[in-house]
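Structure, as structure tokens:
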Amino acid sequence: MSAPPVEITLDVRGLREAPRRPQEIVQAWDECVVQIYGRTLHVGDAGQLLTPNRGMLSFVVIGASEPVVVTGDTTFSIHSLIEVAPAAPACTACAASGHIRPGFFRCQQCTASAPETGLCFDHARLLTNAFRKGRVIATCDQHLPKCNCGDVAVFWCLGPGCRGRSAWCARHRVQHANSHETYCPGCYERVYPACTVKDCSEVAHNACEHVDPERGEPCGRRVCNIHVARWQVFGYEKIGLARCQQHRAIRSLSDVDVAWQIVAGTALRHERGDENRYRLPSLPSLKNILLKARRQQYSAQSVLVFFLQVEDQLTSIRQQSSLHERMLRLIAREKPRWSEQGERERDEFSTGAQVLERLKQVLQSSGLSDVAAAVQMSDYRPRFIKGPPPRPALFVRLPDHLRSRFIGRQGAMIKTLSLQLGVELKLEQLK
């Protein structure tokens, strides 16, 4: 295991020409480090090294896990430099009155025509948010920026629209009650959008993801966390599709419309950069989504037909948006998986039908012939109870007036039937 590097600070003020690039600094050190081979260095040790053609290079050891004997294999890490500060030009405003003061600030418009001009702290005009990302945006009195309304600006807006390129006056400064940051009106609306629900003062962090079939564009209506409706189509561990007040009634959509919105919402998430996180659900999941949305049981084959109809609708659109095209790609990618799942369900359904016949026989032998005649299979899942050991589940439906007799007192009948058949019986509840 190699020893950790020795951290040093270099003082380059003794060099005739200060290095400007990292490669030049490393080269200067490599030229003279041989002079301390065999020396034992401790934290706090200092030294001066004479470079062949550059002058004197000084160093201070600021980090070493233990005393180090310097050899050709010793590695050094240059932590920082001490160099001569660049000379600041004289303040132009002070020079006009016969005084000489360093002008550490620069007005960009002045330096464009006169690079050696500067401004002292008293004469530099620094608007709010002038200090950012290691830069200082200063101006002189003559070049003070103006707001869009024509008044003298007092702050730079750092919002998502302006990004520090636009200055605004005090009348156009907007600040949220829970934040110290200020924005122009346009950027404030983007950072703190208003909820579209009447009389709601909450920030609308959510945009409705209902997609218009013809235009291929999302609704985009802003709603807050209180008024947003989440449609869980990706599983409960992921964030569901946002729906506004006008588009939250999923049950009012047709079967094909539900399928359309599932594909469109997934495509919308992909366009926003979440392609690896969200994908179209499997056929069993889509059956469950439609069951909750439409309050109706579907087979995997019928669900697959709905999505093929969505594909036909998309193909018939003459002027497809980018979202339309992405929807088509999503369906094409999932069709092989859906077809395989549909074939598997057909086999499982056949097994479920056999279990249903056994159930009817048991019900008839128990004196429940009317229940046996009315019971129907909704779904069959061979590994519904994960176990151990895993057990299948048969989902059945019955008219309301027969449900209590099938369940029995405190669930005794349905439990007994489950044990006799070796499956978990589930009574479908569609309301």
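Under 4.0 Å is where a charged nitrogen must lie from a carboxylate oxygen, and between E334 and R279 at least one such pair does. Using a 4.0 Å cut-off between charged nitrogen and carboxylate oxygen, R171 and D151 count as a salt-bridge pair. Look at E348 and R344 and you find no salt bridge, because none of the NZ, NE, NH1 or NH2 atoms lies under 4.0 Å from a carboxylate O. A salt bridge is defined here as a Lys NZ or Arg NE, NH1 or NH2 lying under 4.0 Å from an Asp or Glu carboxylate O, and R272 with D274 fails to meet this definition. At a threshold of 4.0 Å, the pair E424-R381 does not count as salt-bridged, since none of the basic side-chain nitrogens sits closer than that to a carboxylate oxygen.
Here side chain to side chain donor-acceptor pair (under 3.5 Å) pairs that include residues 218-234, with residues two or more places apart or in two chains, are N206-N225, N206-R230. Annotation: side chain to side chain donor-acceptor pair (under 3.5 Å) contacts involving residues 94-116, sequence neighbours excluded, comprise R101-D122.
Side chain of S316 to backbone of Q313: a donor-acceptor contact under 3.5 angstrom is found. At distances below 3.5 Å, at least one donor-acceptor pair connects side-chain atoms of E345 with backbone N or O atoms of A300. Not a single donor-acceptor pair under 3.5 Å links the side chain of S77 to the backbone N or O of H79. When atom types are taken as modelled, the side chain of S285 and the backbone of P281 share no donor-acceptor pair closer than 3.5 angstrom. A donor-acceptor contact shorter than 3.5 Å is absent between the side chain of S302 and the backbone of Y298.
The environment of CZ in R215 is crowded: more than 12 heavy-atom neighbours from other residues, nucleotides or ligands sit within 6.0 Å. The number of heavy-atom neighbours closer than 6.0 Å to CD of Q23, taken from other residues, nucleotides and ligands shown, is above 12. Residue-environment remark: OH (Y192) exceeds the threshold of 12 foreign heavy atoms within 6.0 Å. Atom CG of N276 has 12 or fewer neighbouring heavy atoms from other residues, nucleotides or ligands inside a 6.0 Å radius. The environment of CG in D73 is sparse: at most 12 heavy-atom neighbours from other residues, nucleotides or ligands sit within 6.0 Å.
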Assess the residue pair W338 and L286 against the criterion (side chain to side chain contact (heavy atoms under 4.5 Å, CB included)); give the C-alpha distance rounded to whole Å, side-chain angles, the decisive distance to 0.1 Å, and a yes or no.
CA-CA 10 Å; W338 286 342; L286 291 169; 3.8 Å; yes
key: Residues Q261, V211; criterion side chain to side chain contact (heavy atoms under 4.5 Å, CB included); working and verdict   = CA-CA 7 Å; Q261 292 302 327; V211 175; 4.1 Å; yes
- Test side chain to side chain donor-acceptor pair (under 3.5 Å) on T117 and T92 and set out the steps. CA-CA 6 Å; T117 58; T92 308; 4.7 Å; no
key: R125/T139 under side chain to side chain donor-acceptor pair (under 3.5 Å): CA gap, chis, key distance, verdict   = CA-CA 5 Å; R125 298 296 169 251; T139 64; over 6 Å; no
- Task: Determine, stepwise, if the pair C149 / W168 fulfils side chain to side chain contact (heavy atoms under 4.5 Å, CB included).
- Result: CA-CA 9 Å; C149 67; W168 299 80; over 6 Å; no
(request) Could you please spell out the steps behind the side chain to side chain contact (heavy atoms under 4.5 Å, CB included) verdict for V68 and T40? (result) CA-CA 5 Å; V68 177; T40 301; over 6 Å; no
Notebook entry, point to check: Should R337 and E340 be marked as a salt bridge (charged side-chain N to carboxylate O under 4.0 Å, His left out) after you check the CA-CA gap, both sets of side-chain angles, and the distance that decides it?
Noted result: CA-CA 5 Å; R337 180 171 70 119; E340 181 182 342; over 6 Å; no
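Across all their heavy atoms, A167 and A153 have their closest contact at CB-CB, 3.4 Å. Taking both residues in full, the closest heavy atoms of A46 and R39 are given as O-NH2, 3.0 Å, listed atom of the first, atom of the second, then distance. The minimum heavy-atom distance between V263 and L280, with the atom names listed, is CA-CD2, 3.7 Å. The heavy-atom pair separating G342 from L283 by the smallest distance is N-CD1, 3.7 Å. Shown here for L253 and D257, the closest heavy-atom pair between the two residues is CB-CB, 3.8 Å. C162 and C157 make their closest contact through CB-O, 3.4 Å (heavy atoms, listed as atom of the first residue, atom of the second, distance).
With rounding to the nearest 0.5 Å, the separation of CG in L268 from OH in Y278 is 11.5 Å. The structure places OG of S65 at 10.5 Å from CD of E7, a figure rounded to the nearest 0.5 Å. From L394, atom CG reaches atom CG of D379 across 8.5 Å, with rounding to the nearest 0.5 Å. Here the straight-line distance linking atom CG of L119 with atom SG of C110 works out to 6.5 Å at 0.5 Å rounding. To the nearest 0.5 Å, atoms SG (C32) and CG (L50) are separated by 8.5 Å. Atoms CD1 and OG1, on I78 and T9 in that order, are 10.0 Å from each other to the nearest 0.5 Å.
No side-chain donor from either of H270 and R326 sits under 3.5 Å from a side-chain acceptor of the other. Checking S322 against E271 by side-chain atom types alone, a donor-acceptor pair falls below 3.5 Å. Counting only N and O atoms by type, the side chains of Y37 and Q35 include no donor and acceptor under 3.5 Å apart.
Using a 4.5 Å cut-off on side-chain heavy atoms (C-beta onward), M56 and R13 make no contact. For the pair I8 and I62, the minimum side-chain heavy-atom distance is 4.5 Å or more. A heavy-atom distance below 4.5 Å is not found between the side chains of C91 and P102. Residues Y380 and P392 form a side-chain contact, since some pair of their non-hydrogen atoms from C-beta on lies under 4.5 Å apart. Counting only heavy atoms from C-beta outward, the side chains of L328 and Q320 approach each other to under 4.5 Å. The shortest side-chain heavy-atom distance between F306 and L290 falls under the 4.5 Å cut-off. You'll find the side chain of D11 stays beyond 4.5 Å of the side chain of L57, heavy atoms only. Considering only heavy atoms from C-beta on, I137 stays 4.5 Å or farther from F131 through its side chain.
Partner of E209 under the side-chain hydrogen bond (donor to acceptor under 3.5 Å, both in side chains) criterion, chosen from R243, H247, R269: R269. Just one of V6, I36, V33 meets the side-chain contact (heavy atoms from CB on, under 4.5 Å) condition when paired with F59; it is I36.
For the pair R173 and F155, the cation-pi criterion (under 6.0 Å, within 45° of the ring axis) is fulfilled.
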